[in-house]
Engineer: 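Here's a structure for you.
Only heavy atoms go into these numbers, but all of them, side chains included; no hydrogens, no water, no symmetry mates. All figures in this text were calculated on a predicted structure; none of them were measured in a lab. Below, chains carry the letters A, B, ... as their sequence lines are ordered, and counting in each starts from 1.
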Amino acid sequence: MSIRYWLMKSEPGCYSIDDLKRDKKTAWTGVRNYQARNFMRDDMKVGDMVLFYHSNSDPAGVAGVAKVCATAHEDETAWDHNDDHYDPKSTPANPIWVNVDIAFVEKLPQFVSLPEMKAEPELRGMMVLQKGSRLSIQPVTAPQFKWVLRMGGI
DNA sequence: GCCAACGTTGGC
DNA sequence: GCCAACGTTGGC
């Protein structure tokens, strides 16, 4: 099975590409959406490549590249009462939420903004460009991934 | 800060 | 199982 490509959203005020660069890698905890969880649990494999997307920022867009460095495992923040993403439905005996780990690869020489991506005919159909696209983890095709990297100066 | 789009919850 | 109400996301 060849590697897959993904887009993962993060609010830079919460966790940015610079934070990932500093940390080298991070556990992608806190996802509380079943569709996004299922992508992590069922489809994401070590070596898969990730567009690191800054959402809710000015401008929003792709800031860097990461790769999956650990497959899905139990998201322990779900049963931490003090965590923002605490979910009483999930327990160690009956875990609901999982997370992958991702590692820093590089920061794009040029940030690729959402308006720039919308203007690219090659990227038409990309999930993040669709109206109302709120999913925080999205599949990306290989050509879309490569095109965004090219736009970002790689 | 506004608001449209979406997901989830809960009454029936 | 329907659907209204609500909370959240995220672009603008």
Engineer: Whole-Å distance between C/dT8 C1' and A/Arg32 CZ?
Structural biologist: 14 Å

Engineer: Could you identify which residues of residues 131-141 of chain A place a heavy atom less than 4.0 Å from some atom of DNA chain B, listed by residue number, or say none?
Structural biologist: A/Lys131, A/Gly132, A/Arg134

Engineer: Would you say the side-chain atoms of A/Thr141 and A/Arg4 include a donor-acceptor pair closer than 3.5 Å?
Structural biologist: no

Engineer: In this structure, how many angstroms lie between the P atom of B/dG7 and the CD atom of A/Gln35, rounded?
Structural biologist: 7 Å

Engineer: Should the pair A/Lys67-A/Asp48 be classified as a salt bridge under the 4.0 Å nitrogen-to-oxygen rule?
Structural biologist: no

Engineer: For A/Trp6, run the ring-ring contact (aromatic ring centres under 6.0 Å, His included) check against A/Phe52, A/Phe145, A/Phe39 and tell me which one passes.
Structural biologist: A/Phe39

Engineer: Using whole Å, what does the distance between atom C1' of nucleotide B/dG7 and atom CH2 of A/Trp97 come to?
Structural biologist: 11 Å

Engineer: Take the protein atom CE of A/Met127 and the nucleotide atom P of B/dA5, then report the distance between them rounded to whole Å.
Structural biologist: 18 Å

Engineer: Reading DNA chain B from 5' onward, which residue's closest nucleotide shows up sooner: A/Lys89 or A/Asn56?
Structural biologist: A/Asn56

Engineer: Compare the minimum distances between each of C/dG10, C/dG11, B/dT8 and the side chain of A/Lys118, then state the nucleotide with the smallest one.
Structural biologist: C/dG11

Engineer: Could you check how far CG of A/Asp87 sits from C1' of C/dT8, rounded to whole Å?
Structural biologist: 15 Å

Engineer: Given atom CG of A/Leu7 and atom P of C/dG10, what is their separation to the nearest angstrom?
Structural biologist: 10 Å

Engineer: Whole angstrom is fine here: how far is it from NE2 in A/His85 over to C1' in C/dT9?
Structural biologist: 13 Å

